Amino acid sequence: MPELPEVETTVRLLRRELVGHRFERVSLKWPRQCPTPGVIRRELPGRRVAALSRRGKFILVHLRPADRTLLIHLRMSGQLSVQRASVPSDPHAHTVFSLDDGLELRFSDTRKFGRVYLVRDPDEFLARLGPEPLGAAFNPKWMRERFEGRKRAIKTLLLEQSIVAGMGNIYADESLFRAHIDPRRSASSLSSREIRTLHSAIRAVLEEAIEHQGTSFDWVYSGGEMQSRLRVYGRREQPCATCGTPIERIVVGQRSTHLCPRCQR
DNA sequence: AACAGCCCCTGGGTGC
DNA sequence: TGCACCCAGGGGCTGT
């Protein structure tokens, strides 16, 4: 699913249900979902959930003892839920964590792109991620430095997790619309003023999306209301809310891209 | 280093 | 109705 706002929403919901519970067993039915199955089976049982957090699009399950951390990436279609073990499991729940009190943490993932890791040092594991877009380290100066000399489309760079952690296709399109910038523009062509505008737009869009619990789409993620506030994503041929020009859908860097050809330059 | 292109998967939608 | 084809929110890997 899931970009930063949807992952953040997931973390907030799971936090209430998971903190304090103890892992008892792990069932791994799709080997590629977990690159180190032996480590997880050996090290996870007996540990309790101390806290949950998010870094980019990764979910971090902090444990006690604290020398291991469970990391989950939902990729395209992953969903996490906490259920009673007696509730029938859905056929795509390839990874199931049995908890105390008869509960299960289920990782459903239709497209099987999601990943689960148990690591010693999450900071090291996530070292290549860029700054959090809502944190102080993500600022116009950082953006300007990263865009310098980069000829690729600005949209493509916004999707690079080493530049800004957690951006995805929906919110990249929405941010560029709100900044009035054409997603095909070379990153190095942006003026300082445009970078400042884009920086503000990214923050505003993500904050609004978190406030509305993210965007619900298809069968992958539900619960959010942000889809009704999107201005370009998924609105091909519908009139731009600002000028009435039909929204265009093009391909940039092999990703579907939505823009208003009149408002974005 | 930067970048284009391919690949991993499944299932829903569309057009013939 | 059946079926081939296209499409998808992510990201890692390859070769140039």
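This is a predicted model, so every value here is computed, not measured. Per chain, numbering begins at 1; letters A, B, ... match sequence-line order.
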Residues pairing under salt bridge (Lys or Arg N to Asp or Glu O under 4.0 Å) where one sits in residues 201-212 of chain A, two or more places apart or in two chains, turn out to be A/Arg178-A/Glu208, A/Glu208-A/Arg229
Any side-chain N or O of A/Thr110 under 4.0 Å from OP1/OP2 of B/dG11?
no
For DNA chain C, what string of dots and brackets results from 5' to 3' when Watson-Crick and G-U pairs need both distances under 3.5 Å, crossing pairs get [ ], and pairs with another strand get |?
.|||||||.|||||||
Which residue pairs pass the salt bridge (Lys or Arg N to Asp or Glu O under 4.0 Å) test when at least one of the two sits in residues 254-265 of chain A, sequence neighbours left out?
none
Side chain of A/Gln254 (C-beta onward), nearest among B/dA4, B/dG11, C/dG10:
B/dA4
Report the residues that fulfil side-chain contact (heavy atoms from CB on, under 4.5 Å) with A/Glu8, sequence neighbours left out, ordered by chain and then residue number.
A/Arg12, A/Arg54, A/Ile210
For a quick check under 3.5 Å, do A/Tyr233 and A/Ser256 share a side-chain donor-acceptor pair by atom type?
no
Using a cut-off of strictly less than 4.0 Å between a heavy atom of the residue and any atom of DNA chain C, enumerate the qualifying residues of residues 155-166 of chain A by number.
A/Gln161
Take atom CD1 of A/Ile154 and atom P of B/dC3, then tell me their distance rounded to the nearest Å.
12 Å
Worked verdict on A/Glu148 versus A/Arg144 for salt bridge (charged side-chain N to carboxylate O under 4.0 Å, His left out)
CA-CA 6 Å; A/Glu148 195 175 339; A/Arg144 197 158 46 242; over 6 Å; no
Checking A/Thr36 now: which residues fulfil side-chain hydrogen bond (donor to acceptor under 3.5 Å, both in side chains) with it, not counting sequence neighbours?
none
Could you tell me how far B/dC6 sits from C/dC7 if I compare only their P atoms? Round to whole Å.
14 Å
Going by 5.5 Å between centroids and 30° between planes, is there a stack of A/Phe113 over C/dG11?
no
Output the single nucleotide from C/dG12, B/dA4, B/dC9 whose closest atom is nearest the side chain of A/Arg152.
B/dA4
Round to the nearest Å and state the distance from A/Arg115 atom CZ to B/dC7 atom C1'.
12 Å
C/dA8 base to A/Arg111 side chain: any donor-acceptor pair below 3.5 Å?
yes
Among C/dG11, C/dC7, B/dT10, which nucleotide has an atom closest to any side-chain atom of A/Lys112?
B/dT10
Residues at least two apart in sequence or cross-chain that pass side-chain contact (heavy atoms from CB on, under 4.5 Å) with A/Arg128, listed by chain then number, are none
Nucleotide B/dT10, atom P - distance to CG of A/Leu74 in whole Å:
18 Å
If I take atom CD in residue A/Glu8 and atom P in nucleotide C/dG9, what distance separates them, rounded to the nearest angstrom?
22 Å
What is the separation between atom CZ on A/Arg255 and atom P on B/dA4, rounded to the nearest whole Å?
14 Å
Which residue in the set A/Arg152, A/Arg146, A/Lys155 passes salt bridge (Lys or Arg N to Asp or Glu O under 4.0 Å) when paired with A/Glu160?
A/Arg152
Quick one, which residues of residues 167-190 of chain A touch DNA chain C with a heavy atom under 4.0 Å?
A/Gly168, A/Asn169, A/Ile170
Between C/dG10, B/dT10, C/dG9, which nucleotide gets closest to the side-chain atoms of A/Lys57?
C/dG10
A/Glu225: side-chain contact (heavy atoms from CB on, under 4.5 Å) partners, not counting sequence neighbours:
A/His212, A/Gln227
Figure out the CE/P separation between A/Met226 and C/dG9, and round it to whole Å.
17 Å
Pairs under 3.5 angstrom only: tabulate donor-acceptor contacts from the side chains of residues 55-67 of chain A to other protein residues two or more places apart or in another chain.
residue: A/Arg55; atom: NH1; partner: A/Gly130; partner atom: O; Å: 3.1
residue: A/Arg55; atom: NH1; partner: A/Glu132; partner atom: OE2; Å: 2.9
residue: A/Arg55; atom: NH2; partner: A/Leu129; partner atom: O; Å: 3.4
residue: A/Arg55; atom: NH2; partner: A/Gly130; partner atom: O; Å: 2.8
residue: A/Lys57; atom: NZ; partner: A/Met167; partner atom: O; Å: 2.8
residue: A/His62; atom: NE2; partner: A/Ser53; partner atom: OG; Å: 2.6
residue: A/Asp67; atom: OD1; partner: A/Arg47; partner atom: NH1; Å: 2.6

With a 4.0 Å limit, can you tell me whether A/Lys151 has a side-chain N or O closer than that to the phosphate oxygens OP1/OP2 of B/dA2?
no
Tell me whether the side-chain N/O atoms of A/Arg75 come closer than 4.0 Å to OP1 or OP2 in B/dC9.
no
Suppose we call two aromatic rings close when their centres sit under 6.0 Å apart. Are A/Tyr117 and A/His73 close by that rule?
no
Could you give the side-chain donor-acceptor pairs of residues 94-102 of chain A under 3.5 Å, partners two or more places apart or in another chain?
residue: A/His94; atom: NE2; partner: A/His92; partner atom: O; Å: 3.3
residue: A/His94; atom: NE2; partner: A/Asp109; partner atom: O; Å: 3.2
residue: A/Thr95; atom: OG1; partner: A/Gln33; partner atom: OE1; Å: 3.2
residue: A/Ser98; atom: OG; partner: A/Arg25; partner atom: NH2; Å: 3.2
residue: A/Asp100; atom: OD1; partner: A/His21; partner atom: ND1; Å: 2.7
residue: A/Asp100; atom: OD1; partner: A/Arg22; partner atom: N; Å: 3.3
residue: A/Asp100; atom: OD2; partner: A/Arg22; partner atom: N; Å: 3.2

A/Arg249 has an atom CZ; how far is it from atom P of B/dT14, in whole Å?
14 Å
Measure from the side chain of A/His92, starting at C-beta and using heavy atoms only, and say which of B/dG11, C/dG9, B/dC9 lies closest.
B/dG11
Given atom CD1 of A/Ile250 and atom P of C/dC7, what is their separation to the nearest angstrom?
15 Å
Taking only residues two or more places apart in sequence, or in another chain, which ones meet A/Glu248 in a side-chain contact (heavy atoms from CB on, under 4.5 Å)?
A/Ile250, A/Leu259, A/Pro261
